[in-house]
S.K.: 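There's a structure below that I have some questions on.
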Amino acid sequence: MTEINWLKQVQEPKYWLLGIGSGLIALHLTLTSRTNDTDLFGTMLLFWGVVAFLIWERHESLTFESGIFASFFGASLIAFILLKSSSIPSGYDFFIRLSPFLTGVSLALLASGTKGLKQYWQELLILGYTAIPPGLIGVFVDVAKLTAKFSAFILHYLGFEVVRQGVFLILEKGSVEVYHGCSGVNAILQLLGLALVFLLMFPTTTGQKIVVPILAIIIAFVVNAARVALMAVLVSLSQPQAFKYWHEGNGSVVFSMIAVFIFGLFCWFAILKDEPKNKEKQNF
(Lines give C-alpha, C1' and ligand atoms only; values in the text may rest on other atoms or scores of the structure.)
Protein backbone atom coordinates (compact mmCIF):
# COMPACT_ATOMS: atom_id res chain seq x y z
CA MET A 1 0.00 0.00 0.00
CA THR A 2 2.81 2.37 0.88
CA GLU A 3 4.49 1.81 -2.48
CA ILE A 4 1.22 2.43 -4.34
CA ASN A 5 0.67 5.72 -2.46
CA TRP A 6 4.22 6.76 -3.24
CA LEU A 7 3.71 6.05 -6.94
CA LYS A 8 0.47 8.09 -6.94
CA GLN A 9 2.24 11.02 -5.31
CA VAL A 10 5.10 10.91 -7.83
CA GLN A 11 2.57 10.99 -10.67
CA GLU A 12 1.03 14.23 -9.39
CA PRO A 13 1.72 17.23 -11.71
CA LYS A 14 3.29 19.34 -8.95
CA TYR A 15 6.12 16.84 -8.52
CA TRP A 16 6.77 16.82 -12.25
CA LEU A 17 6.83 20.61 -12.18
CA LEU A 18 9.27 20.51 -9.27
CA GLY A 19 11.59 18.22 -11.23
CA ILE A 20 11.38 20.32 -14.42
CA GLY A 21 11.92 23.54 -12.47
CA SER A 22 14.92 22.15 -10.60
CA GLY A 23 16.48 21.02 -13.87
CA LEU A 24 15.98 24.40 -15.55
CA ILE A 25 17.40 26.24 -12.54
CA ALA A 26 20.45 23.96 -12.46
CA LEU A 27 20.96 24.51 -16.21
CA HIS A 28 20.72 28.29 -15.82
CA LEU A 29 23.16 28.41 -12.91
CA THR A 30 25.60 26.25 -14.87
CA LEU A 31 25.48 28.67 -17.80
CA THR A 32 25.88 31.62 -15.42
CA SER A 33 28.93 30.06 -13.76
CA ARG A 34 30.62 29.83 -17.18
CA THR A 35 30.56 33.63 -17.52
CA ASN A 36 33.13 33.88 -14.69
CA ASP A 37 31.07 36.82 -13.38
CA THR A 38 30.97 36.22 -9.63
CA ASP A 39 28.52 39.05 -8.95
CA LEU A 40 26.09 37.82 -11.61
CA PHE A 41 26.26 34.23 -10.38
CA GLY A 42 25.76 35.29 -6.76
CA THR A 43 22.78 37.47 -7.69
CA MET A 44 21.14 34.73 -9.76
CA LEU A 45 21.69 32.16 -7.02
CA LEU A 46 20.15 34.50 -4.45
CA PHE A 47 17.14 35.32 -6.63
CA TRP A 48 16.43 31.66 -7.41
CA GLY A 49 16.66 30.89 -3.69
CA VAL A 50 14.22 33.68 -2.82
CA VAL A 51 11.77 32.58 -5.53
CA ALA A 52 11.91 28.97 -4.31
CA PHE A 53 11.34 30.14 -0.72
CA LEU A 54 8.34 32.30 -1.67
CA ILE A 55 6.76 29.45 -3.66
CA TRP A 56 7.33 26.93 -0.88
CA GLU A 57 5.84 29.29 1.69
CA ARG A 58 2.59 29.53 -0.31
CA HIS A 59 2.50 26.17 -2.09
CA GLU A 60 -0.55 24.91 -0.16
CA SER A 61 -2.64 27.96 -1.08
CA LEU A 62 -1.71 28.03 -4.79
CA THR A 63 -4.25 26.97 -7.41
CA PHE A 64 -2.89 24.33 -9.81
CA GLU A 65 -5.18 24.31 -12.84
CA SER A 66 -3.94 24.78 -16.38
CA GLY A 67 -5.60 24.53 -19.79
CA ILE A 68 -4.45 23.02 -23.07
CA PHE A 69 -3.33 26.33 -24.60
CA ALA A 70 -1.42 27.47 -21.49
CA SER A 71 0.25 24.06 -21.12
CA PHE A 72 1.25 24.01 -24.79
CA PHE A 73 2.64 27.55 -24.60
CA GLY A 74 4.51 26.75 -21.37
CA ALA A 75 5.99 23.57 -22.85
CA SER A 76 7.00 25.48 -26.01
CA LEU A 77 8.81 28.08 -23.89
CA ILE A 78 10.71 25.33 -22.09
CA ALA A 79 11.68 23.77 -25.41
CA PHE A 80 12.92 27.18 -26.61
CA ILE A 81 14.94 27.66 -23.39
CA LEU A 82 16.59 24.26 -23.79
CA LEU A 83 17.40 24.80 -27.47
CA LYS A 84 18.79 28.28 -26.89
CA SER A 85 20.81 27.16 -23.85
CA SER A 86 22.45 24.39 -25.87
CA SER A 87 23.76 26.91 -28.41
CA ILE A 88 25.22 29.44 -25.96
CA PRO A 89 29.04 29.43 -26.07
CA SER A 90 31.17 29.80 -22.95
CA GLY A 91 31.03 33.38 -21.79
CA TYR A 92 28.36 36.04 -21.36
CA ASP A 93 25.16 36.07 -23.37
CA PHE A 94 22.11 38.29 -22.71
CA PHE A 95 19.90 35.20 -22.79
CA ILE A 96 21.42 34.24 -19.42
CA ARG A 97 19.67 37.29 -17.93
CA LEU A 98 16.43 36.66 -19.81
CA SER A 99 16.23 32.92 -19.15
CA PRO A 100 15.02 33.11 -15.48
CA PHE A 101 11.95 35.17 -16.42
CA LEU A 102 11.08 32.87 -19.34
CA THR A 103 11.54 29.88 -17.05
CA GLY A 104 9.26 31.40 -14.43
CA VAL A 105 6.53 32.19 -16.97
CA SER A 106 6.70 28.71 -18.53
CA LEU A 107 6.43 26.94 -15.16
CA ALA A 108 3.62 29.24 -14.02
CA LEU A 109 1.67 28.50 -17.21
CA LEU A 110 2.13 24.77 -16.80
CA ALA A 111 1.09 24.94 -13.16
CA SER A 112 -1.81 27.39 -13.14
CA GLY A 113 -2.55 28.56 -16.69
CA THR A 114 -2.95 32.14 -17.87
CA LYS A 115 -5.57 32.98 -15.24
CA GLY A 116 -3.29 31.82 -12.46
CA LEU A 117 -0.27 33.90 -13.50
CA LYS A 118 -1.25 36.65 -11.05
CA GLN A 119 -0.54 34.24 -8.18
CA TYR A 120 3.15 34.44 -9.05
CA TRP A 121 3.51 38.21 -9.56
CA GLN A 122 6.16 38.52 -6.84
CA GLU A 123 8.28 35.70 -8.21
CA LEU A 124 7.92 36.89 -11.81
CA LEU A 125 8.82 40.44 -10.75
CA ILE A 126 12.04 39.18 -9.16
CA LEU A 127 12.94 37.02 -12.17
CA GLY A 128 11.97 39.80 -14.59
CA TYR A 129 14.35 42.16 -12.80
CA THR A 130 17.30 39.94 -13.77
CA ALA A 131 16.52 40.63 -17.44
CA ILE A 132 17.42 44.33 -17.12
CA PRO A 133 20.64 44.83 -19.16
CA PRO A 134 23.31 46.90 -17.33
CA GLY A 135 23.76 49.05 -20.41
CA LEU A 136 20.18 50.31 -20.20
CA ILE A 137 21.00 52.72 -17.34
CA GLY A 138 23.74 54.30 -19.43
CA VAL A 139 21.14 55.36 -22.00
CA PHE A 140 19.54 57.72 -19.47
CA VAL A 141 22.43 58.64 -17.15
CA ASP A 142 26.17 58.93 -17.79
CA VAL A 143 27.10 56.92 -14.71
CA ALA A 144 30.78 56.71 -15.70
CA LYS A 145 31.12 60.50 -15.67
CA LEU A 146 29.30 60.79 -12.33
CA THR A 147 31.58 58.12 -10.85
CA ALA A 148 34.67 59.94 -12.14
CA LYS A 149 33.44 63.17 -10.53
CA PHE A 150 32.73 61.60 -7.17
CA SER A 151 36.00 59.61 -7.18
CA ALA A 152 37.88 62.84 -7.90
CA PHE A 153 36.01 64.46 -5.00
CA ILE A 154 37.10 61.64 -2.67
CA LEU A 155 40.73 61.85 -3.80
CA HIS A 156 40.77 65.64 -3.45
CA TYR A 157 39.55 65.58 0.15
CA LEU A 158 42.01 62.79 0.97
CA GLY A 159 44.82 65.14 -0.02
CA PHE A 160 45.69 63.85 -3.50
CA GLU A 161 46.37 66.19 -6.38
CA VAL A 162 43.89 64.98 -8.96
CA VAL A 163 42.63 66.45 -12.21
CA ARG A 164 39.50 65.13 -13.89
CA GLN A 165 39.05 65.33 -17.66
CA GLY A 166 35.73 63.75 -18.60
CA VAL A 167 35.99 60.15 -17.40
CA PHE A 168 39.78 60.35 -16.86
CA LEU A 169 41.29 60.76 -13.39
CA ILE A 170 44.81 62.14 -13.68
CA LEU A 171 47.17 61.97 -10.72
CA GLU A 172 50.82 62.95 -10.45
CA LYS A 173 52.24 59.68 -11.79
CA GLY A 174 49.42 58.07 -13.67
CA SER A 175 45.80 58.15 -14.80
CA VAL A 176 42.79 55.88 -15.06
CA GLU A 177 39.74 55.92 -17.29
CA VAL A 178 36.36 55.10 -15.79
CA TYR A 179 34.77 52.76 -18.32
CA HIS A 180 31.07 51.91 -18.26
CA GLY A 181 31.91 48.51 -16.74
CA CYS A 182 33.70 50.20 -13.84
CA SER A 183 31.07 52.90 -13.36
CA GLY A 184 29.18 50.93 -10.73
CA VAL A 185 26.15 50.08 -12.87
CA ASN A 186 26.44 46.38 -12.04
CA ALA A 187 26.81 47.16 -8.33
CA ILE A 188 23.77 49.45 -8.45
CA LEU A 189 21.63 46.81 -10.18
CA GLN A 190 22.80 44.17 -7.71
CA LEU A 191 21.90 46.24 -4.65
CA LEU A 192 18.62 47.40 -6.22
CA GLY A 193 17.79 43.73 -6.71
CA LEU A 194 18.47 43.08 -3.03
CA ALA A 195 16.25 46.04 -2.17
CA LEU A 196 13.45 44.54 -4.29
CA VAL A 197 13.82 41.17 -2.57
CA PHE A 198 13.83 42.84 0.84
CA LEU A 199 10.66 44.83 0.12
CA LEU A 200 8.84 41.72 -1.11
CA MET A 201 9.85 39.55 1.82
CA PHE A 202 9.38 41.94 4.75
CA PRO A 203 6.56 44.31 5.73
CA THR A 204 7.50 47.95 5.21
CA THR A 205 5.78 51.31 5.32
CA THR A 206 5.22 53.48 2.24
CA GLY A 207 8.10 55.76 3.26
CA GLN A 208 10.44 52.80 3.69
CA LYS A 209 9.47 51.47 0.24
CA ILE A 210 10.71 54.77 -1.20
CA VAL A 211 13.84 55.11 0.96
CA VAL A 212 15.19 51.55 0.60
CA PRO A 213 15.75 51.61 -3.22
CA ILE A 214 17.18 55.14 -3.11
CA LEU A 215 19.60 54.17 -0.35
CA ALA A 216 20.61 51.02 -2.26
CA ILE A 217 21.58 53.18 -5.27
CA ILE A 218 23.54 55.64 -3.11
CA ILE A 219 25.44 52.92 -1.21
CA ALA A 220 26.38 51.03 -4.39
CA PHE A 221 27.48 54.24 -6.14
CA VAL A 222 29.59 55.58 -3.24
CA VAL A 223 31.30 52.25 -2.50
CA ASN A 224 32.17 51.76 -6.18
CA ALA A 225 33.47 55.34 -6.44
CA ALA A 226 35.74 54.61 -3.47
CA ARG A 227 37.00 51.51 -5.34
CA VAL A 228 37.75 53.62 -8.44
CA ALA A 229 39.59 56.16 -6.28
CA LEU A 230 41.68 53.35 -4.77
CA MET A 231 42.59 52.03 -8.22
CA ALA A 232 43.63 55.53 -9.34
CA VAL A 233 45.98 55.75 -6.34
CA LEU A 234 47.45 52.31 -7.12
CA VAL A 235 48.16 53.36 -10.70
CA SER A 236 49.84 56.52 -9.44
CA LEU A 237 51.97 54.42 -7.06
CA SER A 238 52.94 52.04 -9.91
CA GLN A 239 51.30 48.98 -8.34
CA PRO A 240 50.02 47.02 -11.37
CA GLN A 241 49.46 43.76 -9.47
CA ALA A 242 47.43 45.47 -6.76
CA PHE A 243 45.48 47.37 -9.44
CA LYS A 244 44.67 44.11 -11.25
CA TYR A 245 43.52 42.52 -7.97
CA TRP A 246 41.08 45.32 -7.12
CA HIS A 247 39.97 45.75 -10.73
CA GLU A 248 39.53 42.20 -12.02
CA GLY A 249 40.34 39.88 -9.13
CA ASN A 250 38.70 39.09 -5.82
CA GLY A 251 39.13 42.71 -4.76
CA SER A 252 36.08 43.74 -6.79
CA VAL A 253 34.04 41.12 -4.93
CA VAL A 254 35.25 42.55 -1.61
CA PHE A 255 33.75 45.94 -2.45
CA SER A 256 30.48 44.26 -3.47
CA MET A 257 30.41 42.52 -0.11
CA ILE A 258 31.07 45.84 1.65
CA ALA A 259 28.12 47.45 -0.16
CA VAL A 260 25.84 44.52 0.69
CA PHE A 261 27.00 44.60 4.32
CA ILE A 262 26.27 48.34 4.68
CA PHE A 263 22.87 47.91 3.06
CA GLY A 264 22.10 44.95 5.31
CA LEU A 265 23.03 46.95 8.42
CA PHE A 266 20.67 49.73 7.39
CA CYS A 267 17.80 47.32 6.73
CA TRP A 268 18.31 45.63 10.08
CA PHE A 269 18.65 48.67 12.33
CA ALA A 270 16.24 50.97 10.49
CA ILE A 271 13.50 48.53 9.47
CA LEU A 272 13.68 44.94 10.73
CA LYS A 273 14.00 45.96 14.39
CA ASP A 274 10.65 47.77 13.96
CA GLU A 275 9.01 44.93 12.01
CA PRO A 276 6.10 44.47 14.50
CA LYS A 277 5.27 48.19 14.16
CA ASN A 278 5.36 47.91 10.36
CA LYS A 279 2.92 44.98 10.48
CA GLU A 280 0.57 46.97 12.69
CA LYS A 281 0.64 49.92 10.27
CA GLN A 282 -0.06 47.61 7.32
CA ASN A 283 -2.93 45.90 9.13
CA PHE A 284 -4.36 49.27 10.10
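Treat the numbers as computed from the prediction; the structure is a model and nothing was measured.
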S.K.: According to side-chain hydrogen bond (donor to acceptor under 3.5 Å, both in side chains), who are the partners of Arg164, at least two apart in sequence or on a separate chain?
M.R.: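 Testing Arg164 for side-chain hydrogen bond (donor to acceptor under 3.5 Å, both in side chains), a comparison that skips the adjacent residues, returns none.
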S.K.: So which atom in Gly166 and which in Ala148 form the shortest heavy-atom distance, rounded to 0.1 Å?
M.R.: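 Gly166 and Ala148 have their closest heavy atoms at O-CB, 3.8 Å.
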S.K.: For Gln239, what residues pass the side chain to side chain contact (heavy atoms under 4.5 Å, CB included) criterion, not counting sequence neighbours?
M.R.: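 If we apply the side chain to side chain contact (heavy atoms under 4.5 Å, CB included) test to Gln239, skipping adjacent residues, the hits are Leu234, Leu237, Ala242.
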S.K.: For Ser76, what residues pass the side chain to side chain contact (heavy atoms under 4.5 Å, CB included) criterion, not counting sequence neighbours?
M.R.: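 By the side chain to side chain contact (heavy atoms under 4.5 Å, CB included) rule, Ser76 matches Phe72.
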S.K.: Excluding sequence neighbours, so at least two apart, what forms side chain to side chain contact (heavy atoms under 4.5 Å, CB included) with Phe160?
M.R.: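 Phe160 satisfies side chain to side chain contact (heavy atoms under 4.5 Å, CB included) with Leu155, Leu158, Leu171, Val233 only.
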S.K.: Applying side chain to side chain contact (heavy atoms under 4.5 Å, CB included), name anything that partners Leu215, two or more places apart in sequence or on another chain.
M.R.: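 Scan of Leu215 (side chain to side chain contact (heavy atoms under 4.5 Å, CB included), adjacent residues dropped) gives Ile219, Phe266.
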S.K.: For residues 96-116, pull every pair meeting ring-ring contact (aromatic ring centres under 6.0 Å, His included), keeping only residues two or more places apart or in separate chains.
M.R.: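 Checked against ring-ring contact (aromatic ring centres under 6.0 Å, His included) - neighbours excluded - no pair reaches residues 96-116.
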S.K.: Side-chain donor-acceptor contacts of residues 124-139 below 3.5 Å, not counting sequence neighbours, with atom names and distances?
M.R.:
from   : atom 1 : to     : atom 2 : distance (Å)
Tyr129 : OH     : Leu189 : O      : 2.6
Tyr129 : OH     : Gly193 : N      : 3.3
Thr130 : OG1    : Arg97  : O      : 3.1
Thr130 : OG1    : Leu127 : O      : 2.5

S.K.: Test of understanding: with side-chain hydrogen bond (donor to acceptor under 3.5 Å, both in side chains), list the residues that count as partners of Ser71, not counting sequence neighbours.
M.R.: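 If we apply the side-chain hydrogen bond (donor to acceptor under 3.5 Å, both in side chains) test to Ser71, skipping adjacent residues, the hits are Ser66.
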S.K.: Distance-only criterion, 3.5 Å: show the donor-acceptor pairs between side-chain atoms of residues 102-109 and protein atoms not counting sequence neighbours.
M.R.:
from   : atom 1 : to     : atom 2 : distance (Å)
Thr103 : OG1    : Ser99  : O      : 2.8
Ser106 : OG     : Leu102 : O      : 3.2
Ser106 : OG     : Thr103 : O      : 2.7

S.K.: Name all residues meeting the side-chain hydrogen bond (donor to acceptor under 3.5 Å, both in side chains) criterion together with Gln122; count only those two or more places apart in sequence or in a different chain, and write none if there are none.
M.R.: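 For Gln122, no residue satisfies side-chain hydrogen bond (donor to acceptor under 3.5 Å, both in side chains) once neighbours in sequence are set aside.
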S.K.: Under the rule for salt bridge (Lys or Arg N to Asp or Glu O under 4.0 Å), what residues qualify as partners of Arg34, not counting sequence neighbours?
M.R.: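 Testing Arg34 for salt bridge (Lys or Arg N to Asp or Glu O under 4.0 Å), a comparison that skips the adjacent residues, returns none.
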S.K.: Give every donor-acceptor pair under 3.5 Å between a side-chain atom in residues 42-55 and any protein atom, sequence neighbours left out.
M.R.:
from  : atom 1 : to    : atom 2 : distance (Å)
Thr43 : OG1    : Asp39 : O      : 2.8
Trp48 : NE1    : His28 : ND1    : 3.0

S.K.: Does Lys209 use its side chain to pair, donor to acceptor, with the backbone of Thr204 at less than 3.5 Å?
M.R.: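 Between the backbone of Thr204 and the side chain of Lys209 there is a qualifying donor-acceptor contact (under 3.5 Å).
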